[in-house]
Amino acid sequence: MKNFGQKLRRLRDQRGYSLRELAQILVVHYTHLNKIELGQKGPSTDLVLKVAQLFGVSTDQLMKDDIDLP
């Protein structure tokens, strides 16, 4: 799960979302999302599920460091 923030950043960049835009969509504060991307905080289960659904990836792809995103 160490790579969740990096994976989130990659998905966000691929879709062209700013940090603030994605935070609005996920209903979290952008500073919280930034800390997750930087690896300073871990995501909640609810946030992992929202991210997986929004980007069309599995929770395993997000959470397991040995599984890459498509």
Open item on the list: With a 3.5 Å distance limit and no angle check, can you tell me whether K7 reaches the backbone of Q61 through a side-chain donor-acceptor pair?
Closed with: yes
- [ ] May I ask whether L62 and L38 are part of the same hydrophobic cluster, defined by side-chain heavy atoms of I, L, V, M, F, W, Y residues being less than 4.5 angstrom apart, directly or through others?
- [x] no
- [ ] To the nearest 0.5 Å, tell me how far F4 CZ sits from I36 CD1.
- [x] 6.5 Å
Would you tabulate the side-chain donor-acceptor contacts of residues 44-54 under 3.5 Å, counting partners in other chains and residues two or more places apart, or write 'none'?
| unit_1 | atom_1 | unit_2 | atom_2 | d |
| --- | --- | --- | --- | --- |
| S44 | OG | L47 | N | 3.1 |
| K50 | NZ | L26 | O | 3.1 |

- [ ] Please check if any side-chain donor atom of Y30 sits under 3.5 Å from a side-chain acceptor atom of R20, or the reverse.
- [x] yes
Task: Set of residues satisfying salt bridge (Lys or Arg N to Asp or Glu O under 4.0 Å) with respect to D60, sequence neighbours excluded - done: none
TODO: Measure from the side-chain N and O atoms of R9 to the backbone N and O of E37, and report whether any donor-acceptor pair falls under 3.5 Å.
DONE: no
TODO: State, yes or no, whether a side-chain contact exists between L8 and L33 at a heavy-atom distance under 4.5 Å.
DONE: yes
TODO: State, to 0.1 Å, how close A23 and H29 come at their nearest heavy-atom pair, and which atoms those are.
DONE: CB-C, 4.0 Å
Task: Minimum heavy-atom distance F55-R15, with the two atoms named - done: CE2-CG, 3.4 Å
TODO: Answer yes or no: does atom CD of E21 have more than 12 heavy-atom neighbours from other residues, nucleotides or ligands under 6.0 Å?
DONE: yes
Task: NZ-CG distance between K41 and N34, expressed to the nearest 0.5 angstrom - done: 11.5 Å
- [ ] Any chance you could measure T31, atom OG1, to Q40, atom CD, to the nearest 0.5 Å?
- [x] 10.5 Å
- [ ] May I ask you to test the L11-Q14 pair for a side-chain heavy-atom distance under 4.5 Å?
- [x] yes
